[in-house]
Amino acid sequence: MEKVNGLNKWINEWYEQNEAALDEMMHDIWAHPEVGLKNYHAANAAWEFAKTHGFPDAIKTKAGQGVKQCDTGNAVVAEFGSGKPVIGIIGELDALPGLGNADVDHQSPIEGPGHGCGHNLIAGACMGAACALRYAMEKEGIQGTIRMVECPGEEVGRGKALMAQDGVFKDMDLAIMWHPGGQDFSTEPQNGLCVMAGTFEFHGKSAHAAGNPWGGRSALDAVQLMNMGSEFLREHVPTECRFHYQITHGGMAPNIVPDYASVKYFCRARSNEVVKDLYERVVKNAEGAAHMTDTRLDANLIFIIPYFYMNKPLCEHLNQVAQQIPDIDYTEEEYTFAKNLIEDYTKQPAPEDKTKLIAGAKKTYDGWDHSRTTCTDTADISYFCPTAHIHGGGNVMQSPGHHWTVTACSGSQIGMKAAVRAGKVLAQGALEAFGDQQLIDRCWEYFKSLDIPSYEEVYSIPIHDIQEA
């Protein structure tokens with residue numbers, strides 16, 4: 001296959017012809033941020049792009065309802081080709097609450113949600129990769145099946161679990177995706193965290209807080225006692241465990257003993273077993289708080305993110321591909337944008353070294369990234385097939401995740417150029433995998449060596465029995 005800039009010439013040609021349109025789609029999704037499983041505008045934008053650029057039979061669907069056309073869909077599934085192997089290219093669509101910001105080089109809040117995790121860029125990397133790959137496969141006469149999947153609700157840990165229930169991943173041979181970040185682009189597998197999240201609602205009895213407090217039973221007291229118990233629990237769990245909470249309802253007024261209060265918890269750990277134990281201990285805290293306050297507890301599990309079994313041979317393959325594709329050529333204006341953004345965020349002078357301003361390409365491959373303490377529902381896919389989740393680039397260096405600086409970069413060329421490069425890595429990596437059965441066999445040998453539990457075993461509670469966040 002003839003290559004240009006490390007790419008199959010047809011992949012390179014597709015990007016030359018369509019990068020501007022891809023940027024427009026990414027910015028459209030950025031400009032219409034939607035949270036949770038409600039990313040309807042984003043799904044429609046991705047669906048329209050897919051139909052126009054090589055997937056006329058693309059389906060806009062609603063996760064968890066079966067893969068069928070839905071006018072109010074929140075996900076997109078599209079295929080090209082036939083037979084084996086089936087390679088999935090995965091994207092995401094949802095934004096985060098409260099992180100709206102203009103695509104400028106300083107904090108300029110926009111009321112409402114924002115793409116503070118760069119999912120508009122993930123959508124673009126996935127879409128560009130799938131469309132460019134389809135173009136090259138048709139030109140080269142390559143056999144196999146591309147399955148492009150734009151997923152909803154990653155931030156609430158539900159989207160890919162619901163799509164797994166729809167059978168979207170069950171027959172894939174490989175699955176690949178990219179996520180932006182404030183560190184250099186890398187294909188190294190990561191140690192993510194498992195998550196169990198729940199809501200805890202306490203029901204008490206209202207009363208006048210001054211005139212008759214003894215007649216009330218404070219649901220807010222129960223929330224506070226539960227949280228206090230959890231603070232003491234921190235000493236008695238493994239070091240890598242994390243748990244955090246948000247009081248979602250604390251009563252109506254200070255002079256009314258609240259008859260209802262609620263709190264949401266995210267519990268994280270390095271393994272399915274440890275996170276389950278941690279969550280059960282948090283539930284016991286809640287039960288104890290209810291007993292102490294004579295209130296009634298409703299505890300609901302709202303999502304699970306299981307352990308992510310990243311596939312090392314697949315990551316190594318993508319690393320070899322990435323090394324052949326040139327790093328991004330940012331302009332002086334874009335470096336100035338990054339410099340101003342860093343200074344506005346940190347209130348400190350930005351580095352003069354350009355490599356410390358914008359995340360670029362990692363020059364070494366160390367085999368495993370042990371630094372990560374985040375998580376993603378892409379983990380769900382790794383129970384069905386070899387999965388790689390490459391990461392980094394698209395933000396200013398060391399930008400915190402889930403932050404207004406990410407929103408600003410995700411709407412700018414800093415983010416969109418990174419999404420284009422990441423898409424090229426995914427497209428070229430998939431194209432080479434279609435012609436390399438030995439690679440696919442190595443990925444599956446590694447997959448089988450991990451002794452991965454069944455998906456049904458991990459989700460001992462059926463997905464539809466878990467309450468929505």
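The model shown is predicted, which means the values in this text are computed figures rather than measured ones. Because only heavy atoms are used, hydrogens play no part in the values below, and waters and symmetry mates are left out as well, while side chains stay in.
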*Asks:* Distance from Leu93 atom CG to His119 atom NE2, nearest 0.5 Å?
*Replies:* 9.5 Å
*Asks:* Side chain to side chain contact (heavy atoms under 4.5 Å, CB included) between Asn227 and Tyr245: does it pass, once the steps are laid out?
*Replies:* CA-CA 8 Å; Asn227 292 345; Tyr245 48 81; 3.5 Å; yes
*Asks:* Can you say whether the rings of Phe308 and His389 are parallel (under 30°), tilted (30 to 60°) or perpendicular (over 60°)?
*Replies:* perpendicular
*Asks:* Determine the minimum heavy-atom distance between Ile381 and Ile90, stating which atoms define it.
*Replies:* CD1-CG1, 3.9 Å
*Asks:* Could you grab the distance from atom CH2 of Trp14 to atom NZ of Lys424, nearest 0.5 Å is fine?
*Replies:* 10.5 Å
*Asks:* Provide the closest heavy-atom pair for Ala222 versus Ala289 in the form atom of the first, atom of the second, distance.
*Replies:* O-CB, 3.3 Å
*Asks:* Any side-chain heavy atom of Phe169 sitting closer than 4.5 Å to one from Thr387?
*Replies:* no
*Asks:* Using side-chain contact (heavy atoms from CB on, under 4.5 Å) as the criterion, list what pairs up with Ser186, not counting sequence neighbours.
*Replies:* Glu188, Lys362, His391
*Asks:* Counting only heavy atoms not in Lys84 (residues, nucleotides, ligands), do more than 12 fall under 6.0 Å from its NZ?
*Replies:* yes
*Asks:* Which pair of heavy atoms, one from Asn311 and one from Pro386, lies closest together, and at what distance?
*Replies:* ND2-CB, 3.4 Å
*Asks:* Would Leu431 and Glu140 count as a side chain to side chain contact (heavy atoms under 4.5 Å, CB included) here? Give the steps.
*Replies:* CA-CA 10 Å; Leu431 185 70; Glu140 300 275 3; 5.6 Å; no
*Asks:* Please confirm whether Arg134 makes a cation-pi placement over Phe55, using NZ or CZ under 6.0 Å from the six-membered ring centre and within 45° of the ring normal.
*Replies:* no
*Asks:* I want to know whether Tyr307 and Tyr309 have ring centres closer than 6.0 Å.
*Replies:* yes
*Asks:* Describe, in one word, how the ring planes of Phe200 and Tyr265 are oriented to each other, choosing from parallel (under 30°), tilted (30 to 60°) and perpendicular (over 60°).
*Replies:* perpendicular
*Asks:* For atom NZ of Lys51, is the number of surrounding heavy atoms from other residues, nucleotides or ligands below 6.0 Å larger than 12?
*Replies:* yes
*Asks:* Kindly write out the residues that satisfy ring-ring contact (aromatic ring centres under 6.0 Å, His included) with Tyr279, not counting sequence neighbours, or none if the list is empty.
*Replies:* none
*Asks:* Do the non-hydrogen side-chain atoms of Glu19 and Met416 ever get within less than 4.5 Å of each other?
*Replies:* no
*Asks:* Say you draw a straight line from OG of Ser454 to OH of Tyr459; how long is it, rounded to the nearest 0.5 Å?
*Replies:* 12.5 Å
*Asks:* For a side chain to side chain contact (heavy atoms under 4.5 Å, CB included) check, start with the C-alpha distance between Leu426 and Ile390, then their side-chain angles and the critical distance, and finish with the verdict.
*Replies:* CA-CA 9 Å; Leu426 296 177; Ile390 62 179; 3.8 Å; yes
*Asks:* Hey, is Lys276 close enough to Glu280 for a salt bridge, meaning N to O under 4.0 Å?
*Replies:* yes
*Asks:* Will you find, in the side chains of Glu13 and Tyr135, an N or O donor that is under 3.5 Å from an N or O acceptor?
*Replies:* yes
*Asks:* Take atom CG of Asp329 as the centre, draw a 6.0 Å sphere, and report whether it contains more than 12 heavy atoms from other residues, nucleotides or ligands.
*Replies:* no
*Asks:* Between CG of Asn319 and CG of Leu314, what distance do you get to the nearest 0.5 Å?
*Replies:* 11.5 Å
*Asks:* Under 3.5 Å, is there a donor on one side chain and an acceptor on the other for Asp103 and His27?
*Replies:* yes
*Asks:* Rounded to the nearest 0.5 Å, what separates atom CE in Met226 from atom CG in Asn285?
*Replies:* 6.5 Å
*Asks:* Show which side-chain atoms of residues 41-48 pair as donor or acceptor with protein atoms under 3.5 Å away, not counting sequence neighbours.
*Replies:*
{"unit_1": "His41", "atom_1": "NE2", "unit_2": "Asp28", "atom_2": "OD1", "d": "3.0"}
{"unit_1": "His41", "atom_1": "NE2", "unit_2": "Asp28", "atom_2": "OD2", "d": "3.3"}
{"unit_1": "His41", "atom_1": "NE2", "unit_2": "His32", "atom_2": "ND1", "d": "3.2"}
{"unit_1": "Asn44", "atom_1": "OD1", "unit_2": "Lys60", "atom_2": "NZ", "d": "2.7"}
{"unit_1": "Trp47", "atom_1": "NE1", "unit_2": "Ala58", "atom_2": "O", "d": "2.9"}

*Asks:* Is any side-chain heavy atom of Gln65 less than 4.5 Å from a side-chain heavy atom of Cys70?
*Replies:* no
*Asks:* Answer yes or no: is there a side-chain heavy-atom contact under 4.5 Å between Phe185 and Trp178?
*Replies:* yes
*Asks:* Less than 4.5 Å apart, any side-chain heavy atom of Pro109 and any of Asn101?
*Replies:* yes
*Asks:* Quick check: are there more than 12 heavy atoms from other residues, nucleotides or ligands sitting under 6.0 Å from CD of Gln17?
*Replies:* yes
*Asks:* Relative to the ring of Tyr260, is the ring of His203 parallel (under 30°), tilted (30 to 60°) or perpendicular (over 60°)?
*Replies:* tilted
*Asks:* Within the structure provided, determine whether Glu201 and His249 are in side-chain contact (heavy-atom separation under 4.5 Å).
*Replies:* no
*Asks:* Atom NZ of Lys417 and atom CG of Leu121: how far apart are they, to the nearest 0.5 Å?
*Replies:* 13.5 Å
*Asks:* Heavy atoms only: give me the nearest Tyr15-Ala132 pair and the separation to one decimal.
*Replies:* CE1-CB, 3.7 Å
*Asks:* May I have the step-by-step check of side chain to side chain contact (heavy atoms under 4.5 Å, CB included) for Cys126 and Met177, ending in yes or no?
*Replies:* CA-CA 7 Å; Cys126 165; Met177 71 166 291; over 6 Å; no
*Asks:* Of the non-hydrogen atoms in Ile122 and Gly91, which two are nearest, and what is the gap between them?
*Replies:* CG2-CA, 3.8 Å
*Asks:* Report yes if some heavy atom in the side chain of Thr378 is under 4.5 Å from a heavy atom in the side chain of Glu92; otherwise report no.
*Replies:* yes
*Asks:* Between the main-chain N or O of Ser410 and the side-chain N or O of Asn120, is there a donor-acceptor pair closer than 3.5 Å?
*Replies:* yes
*Asks:* For Glu432 and Gln428, does a side-chain donor sit closer than 3.5 Å to a side-chain acceptor?
*Replies:* yes
*Asks:* Within 45° of the axis and under 6.0 Å from the centre of the six-membered ring of Phe266, does NZ or CZ of Arg242 qualify?
*Replies:* no
*Asks:* If every non-hydrogen atom of Cys375 is compared with every non-hydrogen atom of Arg268, which pair is closest and at what distance?
*Replies:* SG-NH1, 2.8 Å
*Asks:* Heavy atoms, side chains only, cut-off 4.5 Å: are Asn39 and Ile29 in contact?
*Replies:* no
